[in-house]
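Proteins come first, then strands; the chains are lettered A, B, ... in the order of their sequence lines, and each starts at number 1.
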Amino acid sequence: MKGILSHDEADKCLDVLEETYPDAKCELEHKSPFELLVATILSAQCTDVRVNKVTEEMFKKYNKPEDFANMDIKTLEGLVKECGLYRNKAKNIKASSNVILEEFNGKVPETIKDLMKLPGVGKKTANVVASTCFGVPAIAVDTHVFRVSNRIGFVSENNVEKTEKALENKIDRDRWTKAHHLFIFHGRRCCTARSPKCQACPIKDFCRYYEET
DNA sequence: CTCCCGATAT
DNA sequence: ATATCAGGAG
């Protein structure tokens with residue numbers, strides 16, 4: 001039975017994940033910070049495949065804050081409906097577009113603090129945009145990062161806030177953003193929520209959950 | 001804590 | 001049938 005990984009073991013575990021997923025990166029398709037912001041808002045409780053399918057069509061016509069700020073809300077709801085939670089998401093995309101135009105001179109803010117001033121943007125979405133678009137070191141704890149990091153034993157926390165802090169202490173700052181993408185890739189391809197592929201897992205030697213199964 | 005929520009995998 | 005999917009607000 002393994003316990004919580006030490007800083008050193010965590011580092012070696014990330015090395016293995018990096019070899020396993022050399023192309024780990026943001027999988028939400030986007031051509032600008034604003035497009036990534038919209039895609040990330042849409043990604044709540046929805047697969048990235050579905051989000052990409054919706055945004056590919058939508059961004060052909062609408063891809064700037066000006067396009068969404070005054071859009072008819074029913075029209076926007078129709079565009080994003082397939083992503084689920086569509087009334088909240090449409091309202092937040094429109095409202096955030098207005099705040100960007102009125103408070104941030106039409107440009108997506110670059111700090112986590114400012115990003116969180118946008119309606120519908122919490123810590124996780126702010127971390128994704130800041131780290132992916134603006135090079136701010138951050139570990140966005142989404143459902144995959146939470147499940148994988150706690151299941152393996154990188155950390156042992158019962159909510160996303162504590163998990164983010166614990167991961168920041170466990171991982172060197174210059175690996176934060178990469179680690180975030182590695183956890184997501186591993187969570188999607190191997191360490192899935194239901195019936196994880198433990199026998200084929202490249203980091204089972206590090207994993208306390210594997211010892212239990 | 002509950003609510004928002006359609007689409008897919010199991 | 002139901003768990004899950006790159007969460008956030010009230």
Side-chain angles (χ1 to χ4, degrees), chain A residues 17 21 23-30 33-59 73-74 76-100 108-109 112-134 136 138-151 154 157-164 167 176-200 213:
Chain A
L17 287 177
Y21 312 109
D23 56 339
K25 63 177 184 342
C26 177
E27 293 189 288
L28 293 168
E29 290 171 22
H30 61 284
F34 180 73
E35 285 193 358
L36 180 60
L37 175 67
V38 172
T40 309
I41 288 174
L42 290 177
S43 72
Q45 299 295 293
C46 177
T47 62
D48 66 308
V49 175
R50 173 70 44 193
V51 172
N52 287 337
K53 199 169 294 181
V54 166
T55 56
E56 182 182 7
E57 275 309 304
M58 185 166 74
F59 290 160
I73 194 64
K74 292 296 179 188
L76 185 49
E77 286 177 2
L79 288 169
V80 303
K81 186 158 191 165
E82 291 179 26
C83 294
L85 309 179
Y86 65 93
R87 278 185 286 245
N88 286 334
K89 290 175 181 177
K91 177 158 54 73
N92 289 331
I93 290 168
K94 177 169 177 172
S96 283
S97 295
N98 275 298
V99 174
I100 289 170
V108 175
I112 292 167
K113 186 181 174 188
D114 280 345
L115 281 162
M116 287 181 67
K117 293 176 182 171
L118 304 174
V121 177
K123 189 66 189 298
K124 177 255 167 179
T125 299
N127 281 5
V128 166
V129 175
S131 62
T132 301
C133 295
F134 305 120
V136 177
I139 304 175
V141 180
D142 60 25
T143 185
H144 296 300
V145 175
F146 179 75
R147 180 186 66 254
V148 174
S149 64
N150 280 290
R151 182 184 274 171
F154 256 76
E157 305 295 343
N158 58 3
N159 67 51
V160 293
E161 295 83 11
K162 291 182 192 172
T163 296
E164 182 177 349
L167 283 173
W176 285 0
T177 302
K178 173 63 81 173
H180 154 74
H181 288 131
L182 291 171
F183 283 136
I184 291 178
F185 265 57
H186 189 56
R188 287 221 180 94
R189 293 157 179 71
C190 183
C191 195
T192 48
R194 298 168 77 173
S195 56
K197 304 175 175 69
C198 291
Q199 300 308 320
T213 57

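Not a single salt bridge (Lys or Arg N to Asp or Glu O under 4.0 Å) links A:Glu157 to another residue, sequence neighbours left out. Among residues two or more places apart in sequence or in another chain, the ring pair (Phe, Tyr, Trp, His ring centres under 6.0 Å) test is passed with A:Phe146 by none. Every residue was checked against the salt bridge (Lys or Arg N to Asp or Glu O under 4.0 Å) condition with A:Glu29, not counting sequence neighbours, and none meets it. Take A:Lys113 and apply the salt bridge (Lys or Arg N to Asp or Glu O under 4.0 Å) test, not counting sequence neighbours, and it matches no residue. Partners of A:Asp142 by salt bridge (Lys or Arg N to Asp or Glu O under 4.0 Å), not counting sequence neighbours: none found.
The stretch residues 83-93 of chain A participates, sequence neighbours left out, in no salt bridge (charged side-chain N to carboxylate O under 4.0 Å, His left out) pair at all.
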Walk along nucleotides 2-9 of chain C from 5' to 3' and tag each nucleotide B, S or - by protein heavy-atom contact under 4.0 Å, base first, then sugar-phosphate.
BBSBBBSS
Would you be so kind as to tabulate the donor-acceptor pairs closer than 3.5 Å made by side chains of residues 39-46 of chain A, with sequence neighbours excluded?
| from | atom 1 | to | atom 2 | distance (Å) |
| --- | --- | --- | --- | --- |
| A:Thr40 | OG1 | A:Leu36 | O | 2.7 |
| A:Ser43 | OG | A:Thr40 | O | 2.7 |
| A:Ser43 | OG | A:Lys124 | NZ | 3.4 |

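The separation of C:dA3 from B:dT2, taken at their P atoms, amounts to 15 Å, rounded to a whole angstrom. Using C1' as the reference atom, C:dA9 and B:dA7 are 24 Å apart when rounded to the nearest Å. B:dC3 sits 24 Å from C:dA6 when the P atoms are compared, rounded to a whole Å.
Boundaries of the chain A contact region on DNA chain B are B:dC4 to B:dT10, first to last in 5' to 3' order (nucleotide atom under 4.0 Å from a heavy atom).
The existence of a salt bridge linking A:Glu82 and A:Lys53 is excluded, since no basic side-chain nitrogen approaches an acidic carboxylate oxygen closer than 4.0 Å.
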